There are 2 protein chains.
Amino acid sequence: MDVSGTASSETAKQVAGGAEPAAATRARGRRQGYATGDARRARILNIALQEFGENGYRGTSLARIAERAELTQAGLLHHFRSKQELLTAVLDLRDSMDAERLDLSNLPDGGEPALRALVALVEHNARKPGIVQLFTVLTGEAVTTDHPAHAWARERYRLLSTSITTALRHGTESGELRADLDPEACGRQVIAMMDGLQLQWLLDPEQMDMAAVFRTYIEGLLGQIRA
Amino acid sequence: MDVSGTASSETAKQVAGGAEPAAATRARGRRQGYATGDARRARILNIALQEFGENGYRGTSLARIAERAELTQAGLLHHFRSKQELLTAVLDLRDSMDAERLDLSNLPDGGEPALRALVALVEHNARKPGIVQLFTVLTGEAVTTDHPAHAWARERYRLLSTSITTALRHGTESGELRADLDPEACGRQVIAMMDGLQLQWLLDPEQMDMAAVFRTYIEGLLGQIRA
DNA sequence: GTCTATAAGAGGATAGAC
DNA sequence: GTCTATCCTCTTATAGAC
């Protein structure tokens, strides 16, 4: 059931900063102009991230998150005024975690470096089923136009798409890649391949080595588009 | 909890019934051992298909479906004993609609014919956003292990995967495709590309010509794997 | 085959005490 | 900052009349 079990402890560290005494956290929080209770917030966020990933937005209840965070639902709503606000915070958190590894809006320049960076990202993701699932489940839900994450998802794809497209275009312009390559279509394809493989991998992890299949794809693609 | 089992082809035929007089339908139903009220059932199924596609399984209520089908929730539950049973019937319906166009478990033999058949399927799908969305939303939700459609989705991918893999393998064996092609990995990639492009297309239809991008991909792939 | 009525519960959100 | 208590709505499913 707990698909993201391994990921959780690591993510907690990234956000919470460990088992610091609450008083110290509070004091520093005030100095830096934060609201107090950062550790609490971080704990809630990490639990929410797991729950949204495991059951989707609609399938997750505030009560369940509150229970796991060891406070009441009303207490939770003190930190996040609504379920939707909590979701937004979780999505921001996920984006910032990605950014630590690889700034998707600023890929290495040139075709081959950019594509190899993506291979590294997929290899990284293959060790983080929880995070991948959060993304896959929410993006699927968000296809619905009135879903609270719809705008987030659309924006994310536009950003990612232009990022890859730009890197590829630079490759064609520098002569690294074939001049007749369509950078936009190619970029969309690469993103689609990442998402599609994630889906198959999550549904049936034993059936596929996601990172290996993606690497094979990129190798083939490079052989095809190199000048 | 078994979603992938029973009901299958019977439900499909019931739905195809259309605007036949109710009395005739009922009489034939009795002869063939169906429950009566086929037209009603079909109407419910088609509405449920729309609703599940628009809001996902969790986001859809029986009351809403009943309202659109012009009966009460209790009346609806006379035809389908539970929400899950209704979902199962909808999934069977969707599969049978696909089958009308292209039997995915029995693709044309050989690499190029099979891949070209998939291009035709994607072109067809690009004109059916509702059906594509049902699939995308439910598959995303179904990543969760305890989702009622989880087994259905996993089974569907296994089937589809072996189907494409088989066609490609025949291609390598007949000398049509390069001997060093990995049919399994390649098959998984093709499926992933279809799913990933669907996702981007649904989120932002104006941003992409799904069929064109997929065709480009397949052309490039063919150039790469042909012997 | 369809209805009304209702059980039995979970959902999100708010008010006010401490 | 967290609690209890409560509200109101929505959910799935069942019972029994017609």
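We name chains A, B, ... by the order of the sequence lines, and we start the count at 1 in each one. Only a predicted model underlies this, so the values are computations on that prediction, with no experimental measurement involved.
Between the K83(A) side chain and the L77(A) main chain, no donor and acceptor come within less than 3.5 Å of each other. Although no hydrogens or angles enter the test, the distance criterion places a donor-acceptor pair under 3.5 Å between the side chain of Q133(B) and the main chain of G53(B).
In this structure the side chain of E51(B) reaches within 4.5 angstrom of the side chain of N55(B), judged on heavy atoms. Annotation: side chain of L221(B) is in contact with side chain of C186(B) (closest heavy-atom distance under 4.5 Å). Residues L76(A) and L86(A) meet the side-chain proximity criterion, which asks for heavy atoms closer than 4.5 Å. Two residues are said to be in side-chain contact when any heavy atoms from C-beta on lie closer than 4.5 Å; T60(A) and L87(A) fail this criterion.
In this structure, L76(B) places its CG atom 13 Å from P of dT11(D), rounding to the nearest Å. Atom CZ of F80(A) is separated from atom P of dT2(D) by 12 Å (rounded to the nearest Å). The CD1 atom of I65(B) sits 17 Å away from the P atom of dC10(D) (whole-angstrom rounding).
Under 4.0 angstrom from either OP1 or OP2 of dC3(D) there lies at least one side-chain N or O belonging to T72(A). Between H79(B) and dT2(C) there is a side-chain polar atom (N or O) within less than 4.0 angstrom of OP1 or OP2.
Of the charged side-chain nitrogens involved, at least one lies within less than 4.0 Å of a carboxylate oxygen, so that R43(B) and E70(B) count as a salt-bridged pair.
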Polar atom pairs (N or O), protein with nucleotides 10-15 of chain C, under 3.5 Å:
unit_1  : atom_1 : unit_2 : atom_2 : d
dG11(C) : OP1    : S61(A) : OG     : 3.4
dG12(C) : OP1    : T60(A) : O      : 3.4
dG12(C) : OP1    : K83(A) : NZ     : 2.9
dG12(C) : OP2    : L62(A) : N      : 2.9
dG12(C) : N7     : Q73(A) : OE1    : 3.4
dA13(C) : OP2    : K83(A) : N      : 3.1
dA13(C) : N7     : Q73(A) : OE1    : 2.6

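For residues 208-218 of chain A, the side chain to side chain donor-acceptor pair (under 3.5 Å) pairs, not counting sequence neighbours, are E123(A)-R215(A).
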Dot-bracket pairing map - DNA chain D, Watson-Crick plus G-U, both contacts under 3.5 Å, | cross-strand: |||||||.||||||||||
